[in-house]
There are 2 protein chains.
Amino acid sequence: MGILERKEREREDMRRLILNAARELFLEQGYEKTSIRNIADVIEYSPATIYLYYKDKNELFFALHEEAFLKLMEELSSLQTIQDSFARLIEMGHRYIKFAVENPELYDLMFIMKAPIEALACRDEVWEDGLKSFGLLKWAIQECVNAGYFKNTDIEVSAITIWSYMHGLVSIYLKNRMSMFQDNQQLQRMQQSFVLFTKMIKETL
Amino acid sequence: MGILERKEREREDMRRLILNAARELFLEQGYEKTSIRNIADVIEYSPATIYLYYKDKNELFFALHEEAFLKLMEELSSLQTIQDSFARLIEMGHRYIKFAVENPELYDLMFIMKAPIEALACRDEVWEDGLKSFGLLKWAIQECVNAGYFKNTDIEVSAITIWSYMHGLVSIYLKNRMSMFQDNQQLQRMQQSFVLFTKMIKETL
DNA sequence: ATTGTTTACTAAACACTGTTCAGTAAATTT
DNA sequence: AAATTTACTGAACAGTGTTTAGTAAACAAT
């Protein structure tokens with residue numbers, strides 16, 4: 001009885017079809033301007049069909065949120081090859097900034113928008129993707145402690161502190177709140193600040 | 001010829017009436033769920049009338065954005081009484097966190113939402129409110145340098161770094177991305193992180 | 001092969017949204 | 001008193017997320 005399996009496959013195909021269209025529109029014109037009807041137009045189905053595969057718009061964007069974390073984790077995965085643990089943590093920071101600047105819509109989805117988190121909340125699940133990448137940061141910090149770079153033992157608090165700085169830096173930039181600097185100076189100022197921050201953690205963490 | 005003056009007064013009254021209603025709804029049910037029609041209902045005028053006093057919704061929320069900055073500046077104003085410049089900077093941080101936690105919707109409006117910044121952009125003005133409060137931070141840092149607490153001379157970079165951390169910390173919390181900690185632990189973790197950060201800037205800035 | 005049943009899909013509607021505009025009634029000026 | 005300006009609104013436009021009733025095709029049972 002392979003019919004059920006085929007149906008399941010077809011269902012997955014359809015979910016992917018919808019998600020691909022959603023991602024395409026979302027990345028090219030942003031979240032707010034992407035409507036269910038737009039997505040339906042692209043895949044040449046009725047808007048109502050989308051609701052047979054995704055509960056609502058929140059759930060649809062939570063699926064993209066998951067993808068985005070996969071992408072970030074992928075871009076951070078090759079860090080394991082770096083031997084020196086402090087250099088690895090710094091490179092992690094560089095790549096985090098790079099990811100945010102190159103994928104502003106994804107970053108918004110992952111860390112700022114409330115829609116994906118609401119999709120989680122109403123199925124009362126934990127924020128696994130966030131937890132996993134937070135775990136990666138904690139691991140990188142733990143390695144620095146092990147290697148003798150950091151003395152501070154409360155890894156959790158160190159992780160929050162570093163992540164807060166990183167998130168603050170990129171989201172001030174992404175949400176256009178660095179307009180006190182000329183456009184061409186903003187990225188430069190971010191780099192300068194990042195250098196200062198690395199000095200700060202090196203000397204006192 | 002006092003008629004023009006009266007008319008101007010009446011116009012200001014109307015603008016305030018609209019803004020008061022907008023603020024009320026906005027703070028009680030959030031930005032997204034507040035519509036022009038909701039505001040119109042409260043003031044018992046037609047929705048079209050609102051457009052005679054505010055260009056669009058962005059401009060309406062930019063007006064609230066200005067108010068929010070006034071409120072923040074007010075809550076930071078009494079800092080001048082603190083003698084020790086480092087203690088003053090720390091207290092500034094405390095009040096920043098307090099403001100964000102107690103006024104999440106206002107904080108969103110000021111530093112995260114793109115609507116107010118768009119209202120600015122299409123009148124191509126600078127972000128004066130942001131600039132002013134950034135100036136206050138720079139002043140507080142400069143005083144720390146003057147008092148010998150900090151050696152670092154690039155105040156601008158120091159300010160970005162400190163603000164980035166502060167903004168990151170509170171917005172991770174406000175946007176519900178601290179769900180890896182139990183609800184009752186989140187504020188405590190923030191405090192711990194803040195203590196760590198103060199140690200960091202004290203020792204290396 | 002012909003029923004009955006389930007599945008996949010959609011047109012249309014519901015209740016909204018921001019915004020514009022023609023038309024009206026009152027206030028002001030001539 | 002007539003003409004003009006001002007303040008306001010009803011209705012519409014073009015969209016939004018979402019639900020529901022109904023249809024046609026696929027499948028299962030006889």
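This structure is a prediction, so every number in the text was calculated from the model and none was measured.
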Quick one: do the A:Ser35 and A:Asn38 side chains pair a donor with an acceptor below 3.5 Å?
yes
Excluding sequence neighbours, so at least two apart, what forms side chain to side chain donor-acceptor pair (under 3.5 Å) with A:Ser78?
A:Arg95
Cation-pi check, A:Lys57 to A:Tyr31: give yes when NZ or CZ is under 6.0 Å from the six-membered ring centre and within 45° of the ring axis, no otherwise.
yes
Between atom CZ in A:Arg11 and atom C1' in C:dA8, what is the gap in whole Å?
11 Å
In chain order, what residues pass the side chain to side chain donor-acceptor pair (under 3.5 Å) check against B:Tyr107, with sequence neighbours excluded?
B:Tyr96, B:His167
Report yes or no: do A:Arg189 and A:Gln192 form a side-chain donor-acceptor pair below 3.5 Å?
yes
Here the residues of residues 34-42 of chain A within 4.0 Å heavy-atom distance, strictly under, of DNA chain D are A:Thr34, A:Ser35, A:Ile36, A:Arg37, A:Asn38
Could you state the atom-to-atom distance from NZ of B:Lys57 to P of D:dT16 in whole Å?
16 Å
If I take atom CD1 in residue B:Ile18 and atom C1' in nucleotide D:dA7, what distance separates them, rounded to the nearest angstrom?
12 Å
Polar atom pairs (N or O), protein with nucleotides 8-10 of chain D, under 3.5 Å:
unit_1, atom_1, unit_2, atom_2, d
D:dC8, OP2, B:Tyr53, OH, 2.4
D:dT9, OP2, B:Ser46, N, 2.9
D:dT9, OP2, B:Thr49, OG1, 2.4

Contacts table for residues 15-25 of chain A: side-chain donor-acceptor under 3.5 angstrom, sequence neighbours left out:
unit_1, atom_1, unit_2, atom_2, d
A:Arg15, NH1, A:Tyr53, O, 2.7
A:Asn20, OD1, A:Arg23, NH2, 2.4
A:Asn20, ND2, A:Arg16, O, 3.4
A:Arg23, NH1, A:Glu67, OE1, 2.6
A:Arg23, NH1, A:Glu67, OE2, 2.7

Specify the separation, in whole Å, of atom NZ of B:Lys55 and atom C1' of C:dG18.
12 Å
Rounded to whole Å, please give me the gap between CD in A:Glu10 and P in C:dA8.
8 Å
Could you state the atom-to-atom distance from OH of B:Tyr51 to P of C:dG18 in whole Å?
6 Å
Just to verify, what does B:Phe99 make a ring pair (Phe, Tyr, Trp, His ring centres under 6.0 Å) with, not counting sequence neighbours?
none
Contacts to DNA chain D from residues 109-121 of chain A, heavy-atom cutoff under 4.0 Å, which residues?
none
Short question: side chain of A:Asp56, backbone of A:Glu59 - any donor-acceptor pair under 3.5 Å?
yes
Residues at least two apart in sequence or cross-chain that pass side chain to side chain donor-acceptor pair (under 3.5 Å) with B:Glu12, listed by chain then number, are none
Can you list everything that forms a ring pair (Phe, Tyr, Trp, His ring centres under 6.0 Å) with A:Phe62? Sequence neighbours excluded, please.
A:His65
For B:Lys114, all residues meeting salt bridge (charged side-chain N to carboxylate O under 4.0 Å, His left out), sequence neighbours excluded:
A:Glu32
Do A:Ser193 and B:Thr161 have side-chain atoms, one donor and one acceptor, less than 3.5 Å apart?
yes
CG of A:Asn58 versus P of D:dT16: gap in Å, rounded?
17 Å
Contact list (N/O, under 3.5 angstrom) for nucleotides 22-26 of chain C vs protein:
none

Residues in salt bridge (charged side-chain N to carboxylate O under 4.0 Å, His left out) contact with B:Glu143, at least two apart in sequence or another chain
B:Arg88
Rounded to whole Å, the NZ-C1' distance (A:Lys33 to C:dG18) equals 13 Å
